[in-house]
Amino acid sequence: MNKPAVITRTVGVDNQETSQTDWNRLDALGDDDIDYSDAPELGADFWKEAKVLDHGAKKPITIRVDQDVITWFKSRGGRYQVLMNQVLRQYMESLEKHGQSK
């Protein structure tokens, strides 16, 4: 059985204030201006298997985290709590994948 295709994206990692990307030029590009030659075509089979992952509502918690850890996550730009959740999810899934969930 084939594993379903999953599309993920990272949110809030690039800070537009410190980025060297010319965001105004990028925003001005139209679809016809973008070179897609190095991107594979995603055919109908891909979209039949693709799934949107929704892990449900978030639960607000209180947690004590070292100041340098918070500073590092905040320095990544964007919504640092989302990034922290992504890191924790990847850790959890890695342990589960290797049979170490407990």
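Values reported hereafter were calculated over all heavy atoms of this structure, with side chains retained and with hydrogens, waters and symmetry mates removed.
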Q: Step by step, work out the side chain to side chain contact (heavy atoms under 4.5 Å, CB included) result for R89 and H55.
A: CA-CA 10 Å; R89 174 166 296 287; H55 300 288; 3.3 Å; yes
Q: Check whether D66 reaches the backbone of D68 with its side chain - one donor and one acceptor, N or O, closer than 3.5 Å.
A: no
Q: Linking I/L/V/M/F/W/Y whenever their side-chain heavy atoms sit closer than 4.5 Å, directly or via other members, would I61 and L88 fall into one cluster?
A: no
Q: For S94, check side-chain hydrogen bond (donor to acceptor under 3.5 Å, both in side chains) against everything at least two apart and list the hits.
A: none
Q: Tell me the closest heavy-atom pair linking D31 and Y36, and the distance in Å.
A: O-CE1, 3.8 Å
Q: Are more than 12 heavy atoms, taken from residues, nucleotides or ligands other than K97, located less than 6.0 Å from that residue's NZ atom?
A: no
Q: Between V65 and L83, is there a shared hydrophobic cluster once you connect ILVMFWY residues whose side-chain heavy atoms come closer than 4.5 Å?
A: yes
Q: Once rounded to the nearest 0.5 Å, what's the spacing between atom CZ of R76 and atom CE of M84?
A: 13.5 Å
Q: Using the rule given for side chain to side chain contact (heavy atoms under 4.5 Å, CB included), can you reason through L95 versus Y91, listing the C-alpha separation, both sets of side-chain angles and the distance that settles it, and then say yes or no?
A: CA-CA 6 Å; L95 289 179; Y91 178 72; 3.5 Å; yes
Q: Which atom names give the shortest non-hydrogen contact between Y80 and F73, and what distance separates them?
A: CB-O, 3.6 Å
Q: Testing D27, D33, D32 one by one against L29 for a side chain to side chain contact (heavy atoms under 4.5 Å, CB included), which residue passes?
A: D33
Q: Test: salt bridge (Lys or Arg N to Asp or Glu O under 4.0 Å). Region: residues 36-46. Which pairs qualify, not counting sequence neighbours?
A: D45-K48
Q: Atom NZ in K74, atom CD in Q81: separation rounded to 0.5 Å?
A: 8.0 Å
